[in-house]
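Notes to accompany the following structure.
Computed from heavy atoms alone, side chains included, the values below leave out hydrogens, waters and symmetry copies. Everything quoted here is computed from the prediction, not taken from an experiment. To find a chain, count down the sequence lines: A is the first, B the second, and so on, and within it residues start at 1.
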There are 2 protein chains.
Amino acid sequence: MLSRKTKYGIKALTFLAQQDGNEPTQISHIATSENISQKFLESILLTLRKAGILGSKKGKGGGYYLLKEADNIKIAHVYRVLEGPIAMMPCVSLNFYEKCDDCPDEDACSVHNLMIQVRDSTLNILENTTLTDIISEQ
Amino acid sequence: MLSRKTKYGIKALTFLAQQDGNEPTQISHIATSENISQKFLESILLTLRKAGILGSKKGKGGGYYLLKEADNIKIAHVYRVLEGPIAMMPCVSLNFYEKCDDCPDEDACSVHNLMIQVRDSTLNILENTTLTDIISEQ
DNA sequence: TGCAAACTCTACTAATATACTAGGGTAATA
DNA sequence: TATTACCCTAGTATATTAGTAGAGTTTGCA
């Protein structure tokens with residue numbers, strides 16, 4: 001299941017991508033427009049900023065803005081920052097690999113190879129979808 | 001992330017599918033062979049039995065056995081029984097649909113359509129993979 | 001026939017982690 | 001000085017992953 005965090009994060013990013021120019025947009029504005037708890041959104045946007053996806057400006061006229069063009073922001077990147085691994089098990093994760101403690105041999109694990117397939121098909125979608133793609137599909 | 005419950009469940013099913021004939025296999029046998037906590041496995045197999053995937057026999061010589069041929073057991077079914085929805089959000093789930101409380105219009109939701117794509121590609125794999133497929137891939 | 005062993009089945013309990021909410025105060029900027 | 005992002009803390013709820021204890025059922029043997 002996708003956490004609200006990731007869902008809200010993607011929604012906020014598409015909202016920012018649809019703003020005219022690159023003027024900073026206030027958290028409160030995004031929160032009310034997208035029906036998101038403002039405090040929660042605050043921490044999400046902060047995470048996205050630390051990941052280099054968003055920039056911010058304090059004080060009057062401040063807010064958040066995209067650091068890159070919308071068609072250069074891959075959903076796979078956003079997903080990994082907010083949700084974590086795209087793979088369904090650590091032992092099939094490319095970026096967050098961990099060995100299973102119950103599996104002596106990964107190649108002999110019936111679930112392992114299946115989850116590699118699932119990972120690849122999901123990855124194929126998320127790596128090839130940008131913010132721009134998402135907006136145009138609405 | 002896939003829960004251990006589902007992972008163990010699939011492992012147990014492949015173990016049963018690899019047994020000769022259809023003699024009942026004891027929980028303890030599966031648990032030690034697959035490095036699974038026996039008590040945990042107990043509740044998992046019970047769930048699979050109630051879902052009509054496994055049969056059981058009590059008393060001496062008892063245990064669990066497959067109710068159908070291995071090539072008639074789809075992973076998608078097992079997944080839904082143990083893990084729940086295959087979709088990453090309730091609003092794109094076929095079998096567990098629920099409306100999002102924050103979305104006034106699903107078609108206008110940037111995440112919605114993306115997650116339909118992810119669901120379909122995952123579903124395509126899980127619906128077309130049976131226990132037999134999993135075993136042959138080891 | 002009756003007892004004991006070998007099983008599954010059920011119900012509690014609990015530790016741990018994670019998701020989400022809510023509040024306060026601080027720092028930077030116009 | 002007002003406005004806004006930033007940061008810290010703590011609480012609540014829920015799911016996961018077990019562990020414990022015992023009840024119920026079947027088989028085989030004396």
* To do: Could you tell me the separation between the CG atom of A/Leu66 and the CD1 atom of A/Ile73, rounded to the nearest 0.5 Å?
  => 4.5 Å
* **Distance in angstrom units between B/Phe40 CZ and C/dA14 P, rounded** => 19 Å
* Salt-bridge test for B/Arg119 and B/Glu127: reply yes if a basic N is under 4.0 Å from a carboxylate O, no otherwise. => no
* Asked: In terms of side-chain heavy atoms, does A/Asn128 have a donor or acceptor partner in A/Asn124 at a distance below 3.5 Å?
  -> yes
* Asked: Does a nitrogen or oxygen in the side chain of A/Lys60 sit under 4.0 Å from OP1 or OP2 of C/dA28?
  -> no
* Going by an N to O cut-off under 4.0 Å, is there a salt bridge joining A/Asp102 and B/Lys11? -> yes
* Asked: Rounded to the Å, how far apart are A/Met1 CE and C/dT18 C1'?
  -> 16 Å
* To do: Would you mind reading off the distance between B/Ile27 atom CD1 and C/dT10 atom P, rounded to a whole angstrom?
  => 12 Å
* **Of residues 43-54 of chain B, the positions that come close to DNA chain C - non-hydrogen atoms, cut-off under 4.0 Å** => B/Leu46, B/Arg49, B/Lys50
* Has the side chain of A/Lys39 got a donor or acceptor that lies under 3.5 Å from a partner of the other kind on the base of D/dT9? -> no
* Structure fact -> Residue set satisfying ring-ring contact (aromatic ring centres under 6.0 Å, His included) with A/Tyr65, at least two apart, ordered chain then number -> none
* Atom-pair distance (OH on A/Tyr65; P on C/dT29), nearest Å -> 11 Å
* To do: May I ask you to verify if any side-chain N or O of A/Arg4 is less than 4.0 angstrom from the OP1 or OP2 atom of C/dC20?
  => yes
* Asked: Once you round it to whole Å, what is the distance between P of C/dC20 and CD1 of A/Ile36?
  -> 12 Å
* Nearest to the side chain of B/Ser37 - C/dT21, D/dG19, D/dA5? -> D/dG19
* Structure fact -> Interatomic distance, CD1@A/Ile10 vs CD@A/Glu83, rounded to 0.5 Å, equals 8.5 Å
* Asked: Is the shortest side-chain N/O distance from B/Tyr8 to OP1 or OP2 of D/dA18 below 4.0 Å?
  -> yes
* Does B/Glu83 or A/Lys58 map to a spot on DNA chain D nearer the 5' end, using the closest nucleotide for each? -> A/Lys58
* To do: Have a look at B/Gln26 and say if it touches a base, only the backbone sugar-phosphate, or nothing, with a 4.0 Å heavy-atom cut-off.
  => sugar-phosphate
* How many Å lie between CG on A/Asp102 and P on D/dT17, as a whole number? -> 11 Å
* Round to a whole Å and report the spacing from CD of B/Glu42 to P of D/dT20. => 13 Å
* **Value in whole Å for how far the C1' atom of C/dA22 lies from CG of A/Leu41** => 15 Å
* Taking for each residue the nucleotide of DNA chain C bearing the nearest heavy atom, is the 5' side occupied by A/Ser3 or by B/Lys57? -> B/Lys57
* Sub-4.5 Å side-chain heavy-atom contact between A/Leu82 and A/Leu48 -> yes
